[in-house]
2 protein chains.
Amino acid sequence: MRTLEHPRTEDLQLDAVLSALADPIRRTIVRQLADGHADQACIAFALPVGKSTSTHHFRVLREAGVIEQRYQGTAILNTLRAADLEARFPGLLTAVLAAT
Amino acid sequence: MRTLEHPRTEDLQLDAVLSALADPIRRTIVRQLADGHADQACIAFALPVGKSTSTHHFRVLREAGVIEQRYQGTAILNTLRAADLEARFPGLLTAVLAAT
DNA sequence: ACGTTAGTACGATGTTCGTCGTACTACAAG
DNA sequence: CTTGTAGTACGACGAACATCGTACTAACGT
């Protein structure tokens, strides 16, 4: 099984999180995940960009610690790390989601 | 008197605000303003960059609507638009400040 | 074994961003 | 009017970023 790197909760960087959330396409992903579409494969997001660009955005979100990705067969299931973000940066994700 | 453009509260863009706050130098400015150093001139911030770079960062913050700038003699007094940000994106500035 | 599906790796390209230095302007004080 | 102070304009530079297409890999289903 391939494994994917995730930063630990205590290692989350505000810089990385804010930069990740500053992109509209990445906020689209975060919003869909927050709206109950947890554990969706990358392909299910219907982003207006090519496949490799999509991969790029998911990676940015994962490396910033905003989402968790785990393999399931050929797909990757994506989950919002809402609890981790709330623990590290209280209120931040909530505020961004409310504003989107 | 020279005038400076500021976006209206209802025109604040989440994209612009998040991008503005994603830079560590700009967060330094915001933090100092939040810590009671309102109405300070740009020069009072002792930023680790050159003068023109400093101007650049203040402009990004102003154009995003994060700070208000008004001339007073040769100087510019800077103020955090905390109330406007709170009205448009509730909890966002608070969360970012708490995390810094 | 073979084809399908989901995502990655890689290289390229154009754009934006942070940085700088120099020259300039606006205002104030003497 | 001259000097000083605070910030701007402009041009340049390198780094980072979003985007793409093509070729590749890993897992599944038949």
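So you know, we letter chains A, B, ... as the sequences are listed, proteins then strands, and number each from 1. Keep in mind that what you see is a predicted model, and the values were worked out from it rather than measured. Below, all heavy atoms of this structure are taken into account, side chains as well, without hydrogens, waters or symmetry copies.
- The side-chain heavy atoms of A/Arg62 and A/Ile67, taken from C-beta on, include a pair separated by under 4.5 Å.
- Partners of B/Arg88 according to the side-chain hydrogen bond (donor to acceptor under 3.5 Å, both in side chains) rule, which considers only residues two or more places apart in sequence or in another chain, do not exist here.
- Between the CD1 atom of B/Ile76 and the C1' atom of C/dA28 there is a distance of 16 Å, rounded to whole Å.
- Separating the CZ atom of B/Arg70 from the P atom of C/dC27 is a distance of 16 Å, rounded to the nearest angstrom.
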Margin query: If you apply the rule side chain to side chain contact (heavy atoms under 4.5 Å, CB included), what do you find for A/Leu92 with A/Leu14, and how did you get there?
Written below: CA-CA 10 Å; A/Leu92 181 58; A/Leu14 184 57; 3.9 Å; yes
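- As rounded to whole Å, 14 Å separates atom P of D/dA16 from atom CG of A/Asp15.
- Regarding A/Gln40, its CD atom lies at a distance of 16 Å from the C1' atom of C/dG7, rounded to whole Å.
- The distance between atom CG of A/Leu18 and atom C1' of C/dC17, rounded to the nearest whole Å, is 17 Å.
- Looking at the side chain of B/Asp23, the nearest of the listed nucleotides D/dA18, D/dG7, C/dG18 is C/dG18.
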Item checked: Dot-bracket notation for DNA chain C, counting Watson-Crick and G-U pairs under 3.5 Å, with | for partners on another strand -> ||||||||||||||||||||||||||||||
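- Checking C/dG7, D/dA6, D/dT19 against the side-chain heavy atoms of A/Ile43 singles out C/dG7 as nearest.
- With contacts defined as side-chain heavy-atom distances shorter than 4.5 Å, the pair A/Arg70/A/Leu4 does not qualify.
- Rounded to an integer number of Å, the gap from CG of B/Leu77 to C1' of C/dC27 is 14 Å.
- Nearest to the side chain of A/Thr74, among C/dG18, C/dT19, D/dA27, sits D/dA27.
- The one candidate from B/Leu61, B/Val96, B/Val66 that meets the side-chain contact (heavy atoms from CB on, under 4.5 Å) condition with B/Arg27 is B/Val96.
- Scanning both residues, B/Phe45 and B/Leu33, for their nearest heavy atoms gives CZ-CD2, 3.7 Å.
- Rounded to whole Å, atom P of D/dG7 lies 11 Å from atom CD1 of B/Ile67.
- One side chain, A/Gln69 or A/Asn78, offers a donor N or O that lies under 3.5 Å from an acceptor on the other.
- Residue B/Asn78 contributes atom CG, which lies 13 Å from atom P of D/dA6 at whole-angstrom precision.
- For A/Leu77 against A/Ala41, the heavy-atom pair with the smallest separation is CD2-N, 4.4 Å.
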Notebook entry, point to check: Does the side chain to side chain contact (heavy atoms under 4.5 Å, CB included) test come out yes or no for B/Leu93 and B/Val30, once each step is laid out?
Noted result: CA-CA 9 Å; B/Leu93 180 62; B/Val30 170; 4.0 Å; yes
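- At a non-hydrogen distance threshold of 4.0 Å, B/Lys51, B/Ser52, B/Thr55, B/Arg59 from residues 48-62 of chain B come into contact with DNA chain D.
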